[in-house]
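First the structure, in the form of C-alpha coordinates, and then the observations on it.
So you know, we letter chains A, B, ... as the sequences are listed, proteins then strands, and number each from 1.
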Number of protein chains: 2
Amino acid sequence: MYSIGDLSKKTGVKIPTIRYYEQMGLIAAPDRTEGNQRRYERRELERLSFIRHARDLGLSIEAIRDLVELSQHPEKPCTGADAIATTHLASVRAKIAQLKKLEHELERIVSHCAGHTVGDCYVIRALSDHGLCEGSMDEV
Amino acid sequence: MYSIGDLSKKTGVKIPTIRYYEQMGLIAAPDRTEGNQRRYERRELERLSFIRHARDLGLSIEAIRDLVELSQHPEKPCTGADAIATTHLASVRAKIAQLKKLEHELERIVSHCAGHTVGDCYVIRALSDHGLCEGSMDEV
DNA sequence: CTAATCTCTCTAGCAGCTATAGGTTCAAGA
DNA sequence: TCTTGAACCTATAGCTGCTAGAGAGATTAG
(Lines give C-alpha, C1' and ligand atoms only; values in the text may rest on other atoms or scores of the structure.)
Protein backbone atom coordinates (compact mmCIF):
# COMPACT_ATOMS: atom_id res chain seq x y z
CA MET A 1 0.00 0.00 0.00
CA TYR A 2 1.32 3.36 -1.01
CA SER A 3 0.29 6.78 0.18
CA ILE A 4 -0.09 9.47 -2.43
CA GLY A 5 3.29 10.82 -1.40
CA ASP A 6 4.93 7.42 -1.96
CA LEU A 7 3.34 7.22 -5.38
CA SER A 8 4.53 10.70 -6.18
CA LYS A 9 8.12 9.92 -5.23
CA LYS A 10 8.17 6.68 -7.18
CA THR A 11 6.72 8.07 -10.38
CA GLY A 12 7.91 11.67 -10.31
CA VAL A 13 4.33 12.87 -10.69
CA LYS A 14 3.49 15.62 -8.24
CA ILE A 15 0.81 15.02 -5.63
CA PRO A 16 -1.71 17.59 -6.89
CA THR A 17 -1.19 16.21 -10.37
CA ILE A 18 -2.07 12.71 -9.19
CA ARG A 19 -5.28 14.04 -7.69
CA TYR A 20 -5.91 15.92 -10.90
CA TYR A 21 -5.50 12.73 -12.93
CA GLU A 22 -7.98 11.03 -10.65
CA GLN A 23 -10.44 13.83 -11.24
CA MET A 24 -9.86 13.58 -14.98
CA GLY A 25 -10.57 9.88 -14.90
CA LEU A 26 -7.09 8.70 -15.87
CA ILE A 27 -6.73 6.70 -12.69
CA ALA A 28 -9.52 5.20 -10.63
CA ALA A 29 -10.38 6.60 -7.23
CA PRO A 30 -8.39 4.37 -4.85
CA ASP A 31 -9.41 2.95 -1.50
CA ARG A 32 -9.16 5.24 1.46
CA THR A 33 -8.00 4.83 5.05
CA GLU A 34 -10.47 5.41 7.85
CA GLY A 35 -9.09 8.92 7.97
CA ASN A 36 -9.96 9.41 4.29
CA GLN A 37 -6.44 9.26 2.89
CA ARG A 38 -5.75 7.59 -0.44
CA ARG A 39 -3.98 4.22 -0.38
CA TYR A 40 -2.70 2.76 -3.63
CA GLU A 41 -1.72 -0.70 -4.88
CA ARG A 42 1.07 -1.65 -7.25
CA ARG A 43 -1.43 -1.67 -10.06
CA GLU A 44 -1.98 2.03 -9.72
CA LEU A 45 1.75 2.67 -9.55
CA GLU A 46 2.11 1.01 -12.92
CA ARG A 47 -0.73 2.89 -14.43
CA LEU A 48 0.62 6.18 -13.22
CA SER A 49 4.02 5.34 -14.75
CA PHE A 50 2.24 4.61 -18.00
CA ILE A 51 0.53 7.98 -17.84
CA ARG A 52 3.71 9.78 -16.96
CA HIS A 53 5.49 8.22 -19.85
CA ALA A 54 2.72 9.10 -22.26
CA ARG A 55 2.70 12.69 -21.00
CA ASP A 56 6.46 12.88 -21.49
CA LEU A 57 5.80 11.96 -25.09
CA GLY A 58 3.42 14.88 -25.27
CA LEU A 59 0.18 12.94 -25.55
CA SER A 60 -2.92 14.78 -24.40
CA ILE A 61 -4.98 13.72 -21.40
CA GLU A 62 -7.70 12.84 -23.86
CA ALA A 63 -5.44 10.54 -25.89
CA ILE A 64 -4.08 8.96 -22.73
CA ARG A 65 -7.57 8.28 -21.47
CA ASP A 66 -8.17 6.31 -24.65
CA LEU A 67 -4.87 4.45 -24.37
CA VAL A 68 -5.49 3.54 -20.75
CA GLU A 69 -8.90 2.28 -21.69
CA LEU A 70 -7.39 0.18 -24.50
CA SER A 71 -4.67 -1.21 -22.29
CA GLN A 72 -7.37 -2.65 -20.05
CA HIS A 73 -8.52 -4.86 -22.90
CA PRO A 74 -5.52 -6.89 -24.11
CA GLU A 75 -7.65 -9.01 -26.40
CA LYS A 76 -8.88 -6.13 -28.54
CA PRO A 77 -7.18 -5.19 -31.81
CA CYS A 78 -4.54 -2.54 -31.33
CA THR A 79 -5.36 -0.39 -34.33
CA GLY A 80 -6.73 2.26 -31.99
CA ALA A 81 -3.49 2.55 -30.05
CA ASP A 82 -1.52 2.63 -33.23
CA ALA A 83 -3.73 5.36 -34.65
CA ILE A 84 -3.31 7.51 -31.55
CA ALA A 85 0.47 7.22 -31.67
CA THR A 86 0.61 7.79 -35.41
CA THR A 87 -1.63 10.83 -35.24
CA HIS A 88 0.46 12.23 -32.46
CA LEU A 89 3.64 11.60 -34.43
CA ALA A 90 2.17 13.57 -37.30
CA SER A 91 1.33 16.48 -35.05
CA VAL A 92 4.81 16.44 -33.52
CA ARG A 93 6.28 16.60 -37.02
CA ALA A 94 3.97 19.45 -37.96
CA LYS A 95 5.04 21.32 -34.87
CA ILE A 96 8.71 20.77 -35.69
CA ALA A 97 8.20 22.05 -39.21
CA GLN A 98 6.47 25.14 -37.90
CA LEU A 99 9.15 25.83 -35.34
CA LYS A 100 11.86 25.48 -37.96
CA LYS A 101 10.20 28.17 -40.00
CA LEU A 102 10.19 30.35 -36.92
CA GLU A 103 13.81 29.50 -36.28
CA HIS A 104 14.84 30.63 -39.75
CA GLU A 105 12.80 33.79 -39.55
CA LEU A 106 14.27 34.65 -36.16
CA GLU A 107 17.79 33.84 -37.31
CA ARG A 108 17.37 36.14 -40.23
CA ILE A 109 15.96 38.92 -38.09
CA VAL A 110 18.61 38.66 -35.44
CA SER A 111 21.54 38.33 -37.81
CA HIS A 112 20.46 41.29 -39.93
CA CYS A 113 20.35 43.65 -37.02
CA ALA A 114 23.40 45.85 -37.31
CA GLY A 115 21.64 48.93 -36.01
CA HIS A 116 22.50 50.52 -32.73
CA THR A 117 19.32 52.30 -31.88
CA VAL A 118 15.73 51.14 -31.92
CA GLY A 119 15.13 53.47 -34.85
CA ASP A 120 17.25 51.39 -37.19
CA CYS A 121 16.97 48.04 -35.44
CA TYR A 122 16.14 45.25 -37.82
CA VAL A 123 14.32 43.31 -35.11
CA ILE A 124 11.85 46.11 -34.59
CA ARG A 125 11.58 46.89 -38.29
CA ALA A 126 10.99 43.28 -39.25
CA LEU A 127 8.15 43.11 -36.76
CA SER A 128 6.70 46.41 -37.88
CA ASP A 129 6.89 45.66 -41.56
CA HIS A 130 5.58 42.35 -42.69
CA GLY A 131 7.04 43.03 -46.14
CA LEU A 132 10.50 42.35 -44.73
CA CYS A 133 9.55 38.70 -44.30
CA GLU A 134 10.75 36.10 -46.68
CA GLY A 135 7.60 34.43 -48.07
CA SER A 136 5.07 35.37 -45.45
CA MET A 137 4.33 32.80 -42.77
CA ASP A 138 0.62 33.19 -43.04
CA GLU A 139 -1.77 34.56 -45.56
CA VAL A 140 -2.59 37.84 -43.90
CA MET B 1 -11.24 55.74 -38.17
CA TYR B 2 -11.67 52.03 -37.86
CA SER B 3 -14.15 50.08 -35.81
CA ILE B 4 -12.88 47.07 -33.92
CA GLY B 5 -14.34 44.87 -36.66
CA ASP B 6 -12.41 46.75 -39.36
CA LEU B 7 -9.25 46.36 -37.37
CA SER B 8 -9.92 42.69 -36.95
CA LYS B 9 -10.42 42.14 -40.67
CA LYS B 10 -7.33 44.09 -41.62
CA THR B 11 -5.00 42.39 -39.17
CA GLY B 12 -6.52 38.93 -38.85
CA VAL B 13 -6.68 39.33 -35.07
CA LYS B 14 -10.04 38.31 -33.70
CA ILE B 15 -12.21 40.88 -31.99
CA PRO B 16 -12.14 39.40 -28.49
CA THR B 17 -8.37 39.06 -28.85
CA ILE B 18 -8.04 42.75 -29.64
CA ARG B 19 -9.99 43.60 -26.49
CA TYR B 20 -7.83 41.14 -24.60
CA TYR B 21 -4.66 42.85 -25.85
CA GLU B 22 -6.07 46.17 -24.71
CA GLN B 23 -6.67 44.71 -21.27
CA MET B 24 -3.14 43.31 -21.22
CA GLY B 25 -1.73 46.71 -22.05
CA LEU B 26 -0.33 45.83 -25.47
CA ILE B 27 -2.44 48.46 -27.16
CA ALA B 28 -3.73 51.67 -25.60
CA ALA B 29 -7.42 52.09 -24.91
CA PRO B 30 -8.66 53.96 -27.99
CA ASP B 31 -11.14 56.80 -28.21
CA ARG B 32 -14.80 55.88 -28.10
CA THR B 33 -17.88 57.04 -29.94
CA GLU B 34 -20.66 58.67 -27.97
CA GLY B 35 -22.23 55.25 -27.83
CA ASN B 36 -19.08 53.82 -26.22
CA GLN B 37 -17.74 51.93 -29.23
CA ARG B 38 -14.00 51.80 -29.91
CA ARG B 39 -12.65 53.84 -32.82
CA TYR B 40 -9.07 53.28 -33.96
CA GLU B 41 -6.53 55.27 -35.97
CA ARG B 42 -3.96 53.99 -38.44
CA ARG B 43 -1.38 54.07 -35.68
CA GLU B 44 -3.23 51.36 -33.81
CA LEU B 45 -3.61 49.28 -36.94
CA GLU B 46 0.15 49.29 -37.32
CA ARG B 47 0.74 48.41 -33.75
CA LEU B 48 -1.69 45.53 -33.90
CA SER B 49 0.06 44.21 -37.02
CA PHE B 50 3.32 44.40 -35.13
CA ILE B 51 1.81 42.41 -32.29
CA ARG B 52 0.28 39.88 -34.63
CA HIS B 53 3.57 39.35 -36.34
CA ALA B 54 5.40 38.94 -33.07
CA ARG B 55 2.77 36.44 -31.85
CA ASP B 56 3.15 34.50 -35.08
CA LEU B 57 6.81 34.23 -34.21
CA GLY B 58 5.79 32.78 -30.88
CA LEU B 59 6.83 35.68 -28.68
CA SER B 60 5.04 35.94 -25.36
CA ILE B 61 2.72 38.77 -24.45
CA GLU B 62 5.32 39.78 -21.89
CA ALA B 63 8.10 39.96 -24.49
CA ILE B 64 5.86 41.83 -26.89
CA ARG B 65 4.98 44.35 -24.24
CA ASP B 66 8.70 45.08 -23.91
CA LEU B 67 9.19 45.29 -27.68
CA VAL B 68 6.24 47.63 -28.11
CA GLU B 69 7.61 49.80 -25.36
CA LEU B 70 11.03 49.85 -27.05
CA SER B 71 9.57 50.64 -30.44
CA GLN B 72 8.11 53.80 -28.97
CA HIS B 73 11.63 55.08 -28.29
CA PRO B 74 13.56 55.03 -31.59
CA GLU B 75 16.51 56.84 -30.09
CA LYS B 76 17.30 54.22 -27.48
CA PRO B 77 19.91 51.51 -28.08
CA CYS B 78 18.42 48.35 -29.52
CA THR B 79 20.28 45.83 -27.41
CA GLY B 80 17.07 45.07 -25.55
CA ALA B 81 15.17 44.16 -28.69
CA ASP B 82 18.06 42.09 -29.90
CA ALA B 83 18.24 40.25 -26.59
CA ILE B 84 14.54 39.43 -26.65
CA ALA B 85 14.77 38.01 -30.16
CA THR B 86 17.95 36.10 -29.41
CA THR B 87 16.57 34.61 -26.23
CA HIS B 88 13.45 33.58 -28.06
CA LEU B 89 15.49 32.01 -30.83
CA ALA B 90 17.30 29.94 -28.24
CA SER B 91 14.05 28.73 -26.74
CA VAL B 92 12.66 27.86 -30.17
CA ARG B 93 15.77 25.80 -30.84
CA ALA B 94 15.44 24.06 -27.50
CA LYS B 95 11.84 23.23 -28.28
CA ILE B 96 12.81 21.83 -31.67
CA ALA B 97 15.48 19.65 -30.11
CA GLN B 98 13.00 18.31 -27.58
CA LEU B 99 10.36 17.60 -30.21
CA LYS B 100 12.89 15.77 -32.35
CA LYS B 101 13.60 13.44 -29.47
CA LEU B 102 9.89 12.81 -29.16
CA GLU B 103 9.65 12.28 -32.89
CA HIS B 104 12.33 9.58 -32.81
CA GLU B 105 10.80 7.88 -29.82
CA LEU B 106 7.37 7.87 -31.42
CA GLU B 107 8.73 6.66 -34.74
CA ARG B 108 10.39 3.79 -32.98
CA ILE B 109 7.27 2.90 -31.05
CA VAL B 110 4.97 3.08 -34.03
CA SER B 111 7.27 1.24 -36.43
CA HIS B 112 7.89 -1.61 -34.01
CA CYS B 113 4.26 -2.35 -33.55
CA ALA B 114 3.58 -5.52 -35.47
CA GLY B 115 1.07 -6.82 -32.95
CA HIS B 116 -2.55 -7.24 -33.75
CA THR B 117 -4.09 -7.08 -30.32
CA VAL B 118 -3.55 -4.69 -27.45
CA GLY B 119 -1.90 -7.53 -25.54
CA ASP B 120 1.11 -7.58 -27.84
CA CYS B 121 0.95 -4.01 -29.12
CA TYR B 122 4.30 -2.33 -28.97
CA VAL B 123 2.70 1.08 -28.47
CA ILE B 124 1.04 -0.03 -25.28
CA ARG B 125 4.03 -2.00 -24.10
CA ALA B 126 6.45 0.84 -24.73
CA LEU B 127 4.29 3.11 -22.62
CA SER B 128 3.88 0.53 -19.89
CA ASP B 129 7.53 -0.38 -19.70
CA HIS B 130 9.98 2.44 -19.53
CA GLY B 131 12.79 -0.06 -20.05
CA LEU B 132 11.79 -0.33 -23.69
CA CYS B 133 12.95 3.23 -24.23
CA GLU B 134 16.24 3.96 -25.91
CA GLY B 135 18.19 6.10 -23.44
CA SER B 136 15.39 7.35 -21.26
CA MET B 137 14.10 10.84 -21.99
CA ASP B 138 14.10 11.85 -18.37
CA GLU B 139 15.76 10.66 -15.26
CA VAL B 140 12.86 8.85 -13.68
C1' DC C 1 1.21 12.02 24.17
C1' DT C 2 3.11 15.21 21.36
C1' DA C 3 5.15 17.25 17.54
C1' DA C 4 6.29 16.99 12.89
C1' DT C 5 4.96 15.70 8.69
C1' DC C 6 1.44 14.13 5.56
C1' DT C 7 -2.81 14.48 3.59
C1' DC C 8 -7.50 16.25 2.86
C1' DT C 9 -10.83 19.53 0.14
C1' DC C 10 -11.69 23.71 -1.99
C1' DT C 11 -10.51 27.57 -4.46
C1' DA C 12 -7.90 30.41 -7.43
C1' DG C 13 -4.24 31.22 -10.69
C1' DC C 14 -1.01 30.66 -14.93
C1' DA C 15 -1.09 31.78 -20.70
C1' DG C 16 -3.62 33.21 -24.37
C1' DC C 17 -7.21 33.28 -25.85
C1' DT C 18 -12.47 31.82 -27.14
C1' DA C 19 -17.39 31.58 -26.36
C1' DT C 20 -21.67 32.87 -24.53
C1' DA C 21 -25.38 35.84 -22.63
C1' DG C 22 -27.88 39.76 -22.49
C1' DG C 23 -27.98 44.21 -23.69
C1' DT C 24 -26.81 48.72 -26.64
C1' DT C 25 -25.44 51.29 -30.82
C1' DC C 26 -24.65 52.11 -35.55
C1' DA C 27 -25.59 52.60 -40.43
C1' DA C 28 -28.12 51.81 -44.45
C1' DG C 29 -32.44 51.41 -46.80
C1' DA C 30 -37.56 52.54 -47.23
C1' DT D 1 -37.54 59.76 -40.04
C1' DC D 2 -38.00 55.29 -38.80
C1' DT D 3 -36.76 50.59 -38.80
C1' DT D 4 -34.14 46.66 -39.00
C1' DG D 5 -30.19 43.90 -38.83
C1' DA D 6 -25.51 43.84 -38.15
C1' DA D 7 -22.01 45.12 -35.24
C1' DC D 8 -20.69 46.37 -30.84
C1' DC D 9 -20.57 46.58 -25.54
C1' DT D 10 -19.42 44.31 -20.72
C1' DA D 11 -18.98 40.54 -17.83
C1' DT D 12 -18.25 35.97 -16.98
C1' DA D 13 -16.95 31.28 -17.75
C1' DG D 14 -14.36 27.85 -20.21
C1' DC D 15 -10.32 25.64 -22.55
C1' DT D 16 -5.40 22.56 -21.21
C1' DG D 17 -2.60 20.75 -17.71
C1' DC D 18 -1.36 21.61 -14.11
C1' DT D 19 0.38 24.44 -9.60
C1' DA D 20 -0.11 26.99 -5.26
C1' DG D 21 -2.34 28.24 -1.15
C1' DA D 22 -5.52 28.11 2.90
C1' DG D 23 -7.19 25.88 6.70
C1' DA D 24 -8.36 21.64 8.70
C1' DG D 25 -7.69 16.77 9.81
C1' DA D 26 -4.71 12.18 9.82
C1' DT D 27 -0.70 9.62 10.62
C1' DT D 28 3.55 8.22 12.62
C1' DA D 29 8.04 8.30 15.07
C1' DG D 30 9.93 9.05 19.39
Answer yes or no: is there a donor N or O on one side and an acceptor on the other, between the side chain of [X] and the main chain of [Y], under 3.5 Å?
X: A/His88; Y: A/Ala63; answer: no
X: A/Arg65; Y: A/Met24; answer: yes
X: B/Thr86; Y: B/Ala83; answer: no
X: A/Ser8; Y: A/Val13; answer: yes

Quick test: give all pairs of protein nitrogen or oxygen and nucleotides 25-27 of chain C nitrogen or oxygen below 3.5 Å, distance rounded to 0.1 Å.
residue: C/dC26; atom: OP1; partner: B/Thr33; partner atom: OG1; Å: 2.9
residue: C/dC26; atom: OP1; partner: B/Gly35; partner atom: N; Å: 2.9

To the nearest Å, give me how far apart [atom1] ([X]) and [atom2] ([N]) are.
X: A/Lys9; N: C/dT5; atom1: NZ; atom2: P; value: 12 Å
X: A/Met24; N: D/dG17; atom1: CE; atom2: P; value: 10 Å
X: A/Ile51; N: D/dG17; atom1: CD1; atom2: P; value: 13 Å
X: A/Asp6; N: C/dC6; atom1: CG; atom2: C1'; value: 10 Å
X: A/Ile18; N: D/dC18; atom1: CD1; atom2: P; value: 12 Å
X: A/Arg32; N: C/dT7; atom1: CZ; atom2: P; value: 12 Å
X: B/Arg19; N: C/dT20; atom1: CZ; atom2: C1'; value: 12 Å
X: A/Lys14; N: C/dC6; atom1: NZ; atom2: P; value: 16 Å

Legend entry - Option among B/Glu44, B/Lys9, B/Arg42, B/Arg39 that satisfies the side chain to side chain donor-acceptor pair (under 3.5 Å) test with B/Tyr2: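 Output: one option passes, namely B/Arg42.
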
Legend entry - Pairing of A/Arg93 and B/Glu107 as salt bridge, 4.0 angstrom limit: yes

Inset, instruction - Quickly, which of A/Asp56, A/Val92, A/Leu57 forms a side-chain contact (heavy atoms from CB on, under 4.5 Å) with B/Glu105? Name it, please. - result: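 Between B/Glu105 and the candidates, side-chain contact (heavy atoms from CB on, under 4.5 Å) is satisfied uniquely by A/Leu57.
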
Inset, instruction - Using the test salt bridge (charged side-chain N to carboxylate O under 4.0 Å, His left out), find all partners of A/Arg38 that sit at least two apart in sequence or belong to another chain. - result: A/Glu22

Inset, instruction - Among the candidates D/dC8, C/dT7, D/dC18, find the nucleotide nearest to the side-chain atoms of A/Ile15. - result: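 When the side chain of A/Ile15 is considered, C/dT7 is the closest of D/dC8, C/dT7, D/dC18.
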
Inset, instruction - Counting heavy atoms from C-beta on, name the nucleotide in D/dC9, C/dC8, C/dT18 closest to the side chain of B/Ile4. - result: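 The closest nucleotide is D/dC9.
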
Legend entry - Nearest-0.5 Å distance, CD1 of residue B/Ile84 to OG1 of residue B/Thr79: 10.0 Å

Using atom names, set out every protein N or O paired with an N or O of nucleotides 14-16 of chain C below 3.5 Å, distance rounded to 0.1 Å.
residue: C/dG16; atom: OP2; partner: B/Ile61; partner atom: N; Å: 3.4

